[in-house]
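Order of listing sets the numbers, starting from 1, for every ligand and every atom in it. Numbers here are sequence positions counted from 1.
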Amino acid sequence: MKVTRELISAEKIQDKIQELADLINKDYQNDEVIILGILKGSFITLSDLAKNLKVDVTFEFMSISSYEGSESTGQVKIEKDLDIDITGKNILVVEDIFDTGLTLSSLLEVLKSRNPKSVEILCTFIKEDKQQIPIDIKYKGFTIGPEFVVGYGLDYNGKYRELPYLGVLS
Ligand code: IMP
Ligand code: MG
């Protein structure tokens, strides 16, 4: 498999991340927020976002998996859990891509059972027209088609995460 087509340029992605950071800066200007990065796919979004944040923020990570190759297994597994207590805290989950919604809906259930003050979601890419569990995503990056995409943190069997743009494999 090769990356054959650039879907969203590095420049467009940078502009969007800046826009999202501006919104976050406004929304959390009077409050602390824990940014919860979902590994591994969110690491590039997180890094670009972090450099544009001007709020009282800390960073935590969880690792969750549901995919093998380009197919969802339908099972979500927590590979690495939080090591802090989130009771009474504002949580902003940062996820690379919203596909079926399975990952985020399971994650939200887990997080809400731990009594945070608030939980919001940022998704860099959102696939439309797929069978999805409806979830309210407050900070949306790009809406894309149903194809399998790589780059900007997203992988195919661990590869292509480093690409600064979003591409399509074929
Ligand atoms: P969902 O649980 O079906 O919403 O899938 C979300 C997870 O699946 C993401 O965190 C990604 O790891 C992975 N995923 C979904 N679609 C793609 C894709 O097009 N490229 C790479 N990974 C994807
Ligand atoms: Mg993932």
Checklist entry - What atoms of ligand 1 come within less than 4.0 Å of a heavy atom belonging to Thr103? => result 1 (P), 2 (O), 5 (O), 6 (C), 7 (C)
Next on the checklist: For the CD1 atom of Ile133 and the CG atom of Leu104, what is their distance to the nearest 0.5 Å?
Outcome noted: 9.5 Å
Item to check | Candidate with minimal heavy-atom separation from atom 20 (N) of ligand 1, of Val149, Leu154, Ile135, Asn157 | outcome: Val149
Next on the checklist: For the backbone of Phe43 and the side chain of Ser47, can you confirm whether one donor and one acceptor N or O come within less than 3.5 Å of each other?
Outcome noted: no
Checklist entry - For ligand 1, which atoms sit closer than 4.0 Å to a heavy atom of Asp96? => result 9 (C), 10 (O), 11 (C), 12 (O)
Checklist entry - Between Asp56 and Tyr28, is a side chain to side chain contact (heavy atoms under 4.5 Å, CB included) present by the stated rule, with each step listed? => result CA-CA 8 Å; Asp56 190 348; Tyr28 293 96; over 6 Å; no
May I have the list of side-chain donor-acceptor pairs in residues 11-22 shorter than 3.5 Å, sequence neighbours left out?
| residue | atom | partner | partner atom | Å |
| --- | --- | --- | --- | --- |
| Gln14 | NE2 | Asp48 | OD2 | 2.9 |
| Gln18 | NE2 | Asp22 | OD1 | 3.0 |

Next on the checklist: Check contact between Ile133 and ligand 1, using heavy atoms of the residue and a distance below 4.0 angstrom.
Outcome noted: no
Next on the checklist: For a side chain to side chain contact (heavy atoms under 4.5 Å, CB included) check, start with the C-alpha distance between Leu92 and Tyr139, then their side-chain angles and the critical distance, and finish with the verdict.
Outcome noted: CA-CA 10 Å; Leu92 173 55; Tyr139 305 99; 3.7 Å; yes
Next on the checklist: Can you name the atoms of ligand 1, numbered from 1 with element, that are less than 4.0 Å from a heavy atom of Thr100?
Outcome noted: 1 (P), 2 (O), 3 (O), 4 (O)
Show me the donor-acceptor pairs, under 3.5 Å and distance only, between side chains in residues 79-88 and residues at least two apart or in other chains.
| residue | atom | partner | partner atom | Å |
| --- | --- | --- | --- | --- |
| Glu79 | OE2 | Ser65 | OG | 2.6 |
| Lys80 | NZ | Phe61 | O | 3.2 |
| Asp81 | OD1 | Arg114 | NH1 | 3.1 |
| Asp81 | OD1 | Arg114 | NH2 | 3.3 |
| Asp81 | OD2 | Arg114 | NH2 | 2.8 |
| Asp85 | OD1 | Thr87 | N | 3.1 |
| Asp85 | OD1 | Thr87 | OG1 | 2.6 |

Next on the checklist: Suppose I only count heavy atoms of Asp155 and a 4.0 Å limit; which atoms of ligand 1 are within that range?
Outcome noted: 21 (C)
Checklist entry - Which of the numbered atoms in ligand 1 are below 4.0 angstrom from a heavy atom of Glu95? => result 9 (C), 10 (O)
Next on the checklist: Could you measure the distance from the CD atom of Glu95 to the CG atom of Leu36? Nearest 0.5 Å is fine.
Outcome noted: 10.0 Å
Next on the checklist: Which option wins on minimum heavy-atom distance to atom 4 (O) of ligand 1: Ser42, Gly41, Gly101, Pro146?
Outcome noted: Gly101
Item to check | Which of the ligand 1 atoms, numbered from 1, are nearer than 4.0 Å to a heavy atom of Lys127 | outcome: 16 (N), 17 (C), 18 (C), 19 (O)
